[in-house]
Enquirer: 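One structure is given below, represented as structure tokens, and several questions about it will come after.
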Amino acid sequence: MKRKEMISKLKVTPNTYDFIIIGGGATGIGIALEASARGYSVALLEKSDFTKSTSSKATKLVHGGVRYLAQGNIGLVREAVVERGLLLKNAPHITKTQSFVIPTHGLYDEILYTIGLTFYDLLAGRLSLGRSKRLSKTKTLERISLINPDKISAGVLYYDGQFDDSRLAVNTLQSAVELGAVVANYCAVEGLLKDANGKITGVKAFDEEGKESFEIKGKQVVNATGVFADDVLQM
Ligand SMILES: Cc1cc2nc3c(=O)[nH]c(=O)nc-3n(C[C@H](O)[C@H](O)[C@H](O)COP(=O)(O)OP(=O)(O)OC[C@H]3O[C@@H](n4cnc5c(N)ncnc54)[C@H](O)[C@@H]3O)c2cc1C
């Protein structure tokens with residue numbers, strides 16, 4: 001469906017959506033797909049282009065969160081490595097396995113990182129991307145040629161995922177649209193509609209192309225802008 005048709009659809013009254021999502025980055029698009037797949041009616045509004053903000057500027061890693069493991073948050077890491085594996089299985093055209101080498105500085109480092117990263121890999125179970133292992137100093141230098149040989153003792157190899165973040169978001173958006181979501185870019189939310197009790201009942205949107213404001217009613221308004229709720233409420 002073309003943008004113009006989406007905008008016309010959004011303007012049709014009465015147009016009460018189950019969810020109005022503000023922001024078309026990874027978060028908003030993900031919510032749009034989840035809600036549409038569960039049969040809810042969804043309107044998603046993005047003030048710029050989809051995923052143009054933070055969602056196109058990441059390191060593009062589908063990681064399980066090694067640092068969360070260091071913090072002892074095993075449940076979170078288990079969930080993340082399983083999701084990582086599923087993403088690599090479901091979207092092979094925009095994901096790949098990426099190897100990493102952590103140089104070590106002494107025996108303590110070698111033991112710590114070998115055990116830690118082996119555990120990280122084991123948490124993925126059948127969705128493992130490859131075995132973590134200790135590398136000799138020579139093998140580490142073969143892989144990281146610019147590192148100062150006098151400063152390292154060896155290295156530890158492990159695997160994570162890498163993905164095309166913008167393309168994944170656009171593919172996800174396409175799936176949401178196929179399931180009935182109405183989405184529009186260059187359509188900023190410039191205010192919230194409220195009833196006499198102050199309950200949010202919808203949004204006031206501005207169509208950048210048509211240079212026109214219009215209202216959309218919704219049962220739930222979801223802030224997926226990355227901006228704190230208070231700032232959004234002041235719009
Ligand atoms: C340097 C860096 C590296 C990162 N590396 C990784 C990584 O390797 N792997 C990973 O998984 N994550 C990574 N992240 C995190 C990831 O990028 C973010 O978690 C994710 O992009 C957040 O998406 P979002 O949709 O919440 O925010 P955004 O992408 O910022 O989307 C918010 C959207 O809301 C829109 N918006 C704002 N106000 C309005 C309004 N009034 N009306 C309509 N629309 C509005 C904006 O235009 C924007 O498009 C990284 C982040 C950074 C900064």
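In listed order, ligands and their atoms are each counted from 1. Side chains are part of it too, since the values below use all heavy atoms of this structure and drop only hydrogens, waters and symmetry mates. All values reported here derive from a predicted model rather than from experimental measurement.
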Enquirer: Can you tell me which portion of Ala224 lies within the under-4.0 Å heavy-atom range of ligand 1? Options are side chain, backbone, both, or neither.
Expert: backbone
Enquirer: Taking transitive links into account, so neighbours of neighbours count too, which hydrophobic residues share a cluster with Tyr108 at under 4.5 Å side-chain distance?
Expert: Leu112
Enquirer: Assign the ring pair Tyr158 / Tyr120 to parallel, tilted or perpendicular, where the plane angle (0 to 90°) is split at 30° and 60°.
Expert: perpendicular
Enquirer: I need the atoms of ligand 1 closer than 4.0 Å to a non-hydrogen atom of Ile22, numbered in the order shown.
Expert: 40 (C), 42 (N), 43 (C)
Enquirer: Quick one: does Thr59 get an N or O within less than 3.5 Å of an N or O on ligand 1?
Expert: yes
Enquirer: With a cut-off of 4.0 Å, which atoms of ligand 1 are near a heavy atom of Leu45?
Expert: 43 (C), 44 (N)
Enquirer: Which option, Gly25, Gly24, Ala26, Gly226, owns the non-hydrogen atom nearest atom 31 (O) of ligand 1?
Expert: Gly25
Enquirer: Between Lys60 and ligand 1, find which residue part has any heavy-atom pair under 4.0 Å and reply side chain, backbone, both or neither.
Expert: backbone
Enquirer: Atom 52 (C) of ligand 1: which of Ile21, Val189, Thr54, Ile31 has the nearest heavy atom?
Expert: Thr54
Enquirer: Around atom CZ of Phe214, are there more than 12 heavy atoms from other residues, nucleotides or ligands closer than 6.0 Å?
Expert: yes
Enquirer: Going by the order shown, which atoms of ligand 1 are within less than 4.0 Å of some heavy atom of Thr225?
Expert: 32 (C), 34 (O), 36 (N), 37 (C), 38 (N), 39 (C), 45 (C)
Enquirer: Would you kindly confirm whether Leu87 and Val82 end up in one hydrophobic cluster when ILVMFWY residues are joined by side chain heavy atoms under 4.5 Å apart?
Expert: no
Enquirer: Kindly compute the distance separating CD1 (Ile74) from CZ (Phe119), expressed to the nearest 0.5 Å.
Expert: 4.5 Å
Enquirer: Out of curiosity, is Glu46 lining ligand 1, as in a heavy atom under 4.0 Å away?
Expert: yes
Enquirer: Does an N or O from Ser55, backbone or side chain, lie closer than 3.5 Å to an N or O of ligand 1?
Expert: yes
Enquirer: Side chain to side chain donor-acceptor pair (under 3.5 Å): which pairs involve residues 133-144, sequence neighbours left out?
Expert: Glu110-Arg134
Enquirer: Any nitrogen or oxygen of Asp49 lying under 3.5 Å from a nitrogen or oxygen in ligand 1? Just yes or no.
Expert: no
Enquirer: For ligand 1, which atoms sit closer than 4.0 Å to a heavy atom of Ser53?
Expert: 30 (O), 48 (C), 49 (O)
Enquirer: May I ask you to check whether Ser56 and Thr51 show a side-chain donor-acceptor distance below 3.5 Å?
Expert: no
Enquirer: Please identify which atoms of ligand 1 are closer than 4.0 Å to at least one heavy atom of Gly23.
Expert: 33 (C), 34 (O), 35 (C), 44 (N)
Enquirer: Is it true that atom NZ of Lys60 has more than 12 heavy atoms of other residues, nucleotides or ligands lying nearer than 6.0 Å?
Expert: yes
Enquirer: I'd like to check whether Lys52 has a polar contact with ligand 1, where a contact means an N/O of the residue lying under 3.5 Å from an N/O of the ligand.
Expert: no
Enquirer: Is atom OH of Tyr113 surrounded by more than 12 heavy atoms (other residues, nucleotides or ligands) closer than 6.0 Å?
Expert: no
